[in-house]
Amino acid sequence: MNIYERRGIKTLINAKGPATRLSGGVMHPAVLAAMSEAAGHCVDMAELEAHASQVIADVTGAEAGYVASGAAACLLLATAACVTGLDPGRMARLPDTSGMKNEVIVVRSQRNFYDHAVRTAGVRFVEVGLPDRYAGAGIRDAEPWEIADAISERTAAVFYVADRAARPSLVDVVKVAHAAGVPVIVDAAAQLPPQGNLRRFITEGADLVAFSGGKAINGPQATGFLCGRRDLVMAAALQHLDLDILWEQWAPPPILIDKGRLKGTPQHGIGRPCKVGKEQIIGLLAALELFVAEGDEARHGRWCKLAQDLADGLQSLPGCRVELTGFDNVEEVPIVTLALPRDGTLSAQDLVIALQSGTPSIQVDPTFCDQGIVAFNPMCLQVGESAIVVDAVQRLNMRS
Ligand SMILES: *Cc1c(COP(=O)(O)O)cnc(C)c1O
C-alpha cells in the first residue's frame with residue numbers, strides 16, 4: 001500500500017494533464033531527492049530566493065526571477081509590485097489602493113477565473129474590446145488603440161493572458177503600454193511547451209511573466225515563478241518575504257533587494273499568504289533545470305510514446321473514431337481524442353464519469369464532451385498506465 005492508501009485515499013490515473021484539482025503530475029526522482037535533501041537544512045529564505053532569481057534569469061533571459069506558491073500567487077505579487085513600486089507605506093496599505101494607481105487594463109476576451117489573483121491586490125479591471133469573433137458575428141477582438149485609449153494616470157499595468165489565440169499580439173500591447181510608461185504583466189502559466197516561451201515573452205517586452213511550476217515543468221504542484229524587471233521583482237519579493245527583522249539587522253542579498261532604495265523595512269505584505277518553503281523552491285529549480293535539459297524534442301517523444309500506446313489500443317473500439325493531434329510538432333502536447341458513435345448508448349460524458357468512478361479511477365479531459373469526444377493527455381501518465389486506460393474504455397464500451 002502507498003502512503004495515500006494507508007490513509008484511506010484512492011490514487012488515480014491522470015490522463016487529463018496537470019490539473020490542480022488532480023494534484024498535478026508525478027515528479028522526477030531527482031526532484032524528490034533534491035526536495036528531501038533541502039528539507040534537512042535551514043537557510044535564509046531571501047538568500048535562497050536570490051539564488052533562484054539568478055537561475056530563473058539564466059533560463060528566461062530576464063533581469064531577475066522569484067519563486068512563489070503558484071503562477072496565480074505570482075500574478076498577485078506582480079500586480080502588487082506594479083501598484084506599490086518600492087514604497088513600504090503603500091505595500092502596508094494593500095489591498096486598500098486609494099490614492100494609488102489602481103486600475104489594470106485587460107482585453108475582455110482574455111478574462112478568466114485565474115485573474116482573481118490580479119484583483120486580489122486591490123485593483124479594478126478596465127476591460128477593453130468587444131471580441132465578436134467568438135460570437136461568429138464578426139472577425140475582431142480588442143485592438144491596440146483601444147488599450148492605448150484606456151490608459152490613464154490611474155493605470156498600474158496592462159494584464160495579458162498569453163495563448164496562441166490571444167489578440168492583439170503581445171508585441172503590439174507592449175508597444176502601446178510602454179509608450180505610456182505602463183508595465184505589462186503576462187500570465188504564461190500554461191504556456192509550456194514550447195520551451196522557447198521561457199524567453200519569448202521577455203524578449204517581446206513583457207515586464208513581468210508568471211509561469212506555473214506544477215504544469216509542464218513538472219515541479220512541485222504548489223510553485224510558480226515570476227521573471228522580469230529587477231525593480232518589479234524586488235517589489236514582489238518585499239511583499240512576499242517574511243521581514244520580521246530589525247532594520248539594522250537586515251542584510252538582504254543586493255541582487256534581489258537593494259536596501260539602499262528603501263526608506264524602511266516593509267511589513268508583512270499582501271503576498272504573505274503565497275508563502276513557499278525551501279523544499280518547494282529547491283524542487284522547482286531542480287525541475288526547471290531538468291525541463292530545460294530534456295528539451296522539447298525528447299519530451300515530446302516521451303509523451304508521444306504514451307499517447308500512441310493509448311491510441312493504438314483505442315483504435316480497435318467498434319464505431320469509434322480515434323484522432324491524434326500535436327504528434328507531428330515537437331512544440332505541442334500530443335493529444336488523443338476518441339469520438340464515440342453518435343447513435344451509441346454511451347455518451348462522451350457517460351464515459352468520462354464511468355472512468356472516474358472505476359477502480360482505479362481514471363481522469364480524462366471532458367472539454368469536448370458536448371461534441372461526443374473524450375480527450376486524453378499524456379503529460380501526467382506513467383509508463384504502463386496507457387494499457388490500463390485502454391482496458392477500462394474497452395470494458396465500458398462493450399458493456400454499453
Ligand atoms: C494554471 C493556470 C494558472 C494558475 O497556475 P498555478 O501555478 O496553479 O497557480 C493561472 N493562469 C492560467 C492561464 C493557468 O492555466
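Because the structure is a prediction, the values reported are computed rather than measured. Both counts, for ligands and for their atoms, begin at 1 and track the order of listing. Just so it is clear, the values below take in all heavy atoms, side chains as well, and ignore hydrogens, waters and symmetry mates.
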| query | Is Ala71 close to ligand 1, meaning an N/O of one under 3.5 Å from an N/O of the other? | reply | yes
| note | Here the atoms of ligand 1 under 4.0 Å from any heavy atom belonging to Ala190 are 15 (O)
| request: Tell me which protein heavy atom sits closest to atom 8 (O) of ligand 1, plus the residue, atom name and distance to 0.1 Å. | output: Thr20 OG1, 3.6 Å
| How about Asp207 and His178: does a side-chain donor come under 3.5 Å of a side-chain acceptor? | yes
| task | List every atom of ligand 1 that sits less than 4.0 Å from any heavy atom of Gly70, numbering the atoms from 1 in the order shown and giving each element. | result | 7 (O), 9 (O)
| said: Looking only at protein heavy atoms, which one is nearest to atom 5 (O) of ligand 1, and what is the separation? | reply: Ser212 OG, 3.0 Å
| Got the closest protein heavy atom to atom 1 (C) of ligand 1, with its distance? | Lys215 NZ, 1.4 Å
| Can you find a side-chain donor-acceptor pair between Gln195 and Arg299 that sits under 3.5 Å? | yes
| query | Will you find, in the side chains of Asn329 and Glu332, an N or O donor that is under 3.5 Å from an N or O acceptor? | reply | yes
| request: May I ask you to check whether Ala72 has an N/O atom sitting below 3.5 Å from an N/O atom of ligand 1? | output: yes
| field | Within-4.5 Å side-chain heavy-atom neighbours: Gln221 and Thr20 | value | yes
| field | Shortest protein heavy-atom distance from atom 10 (C) of ligand 1, along with the residue and atom involved | value | Tyr114 CG, 3.2 Å
| Leu246-Trp250 co-clustered via ILVMFWY side chain contacts under 4.5 Å | no
| said: Quiz question: by atom type and distance under 3.5 Å, do the side chains of Ser386 and Gln308 form a donor-acceptor pair? | reply: no
| task | Give yes or no for whether the N/O distance cutoff of 3.5 Å, strictly under, is met between Asp187 and ligand 1. | result | yes
| field | Any donor-acceptor N or O pair under 3.5 Å, side chains Thr84, Asp87 | value | no
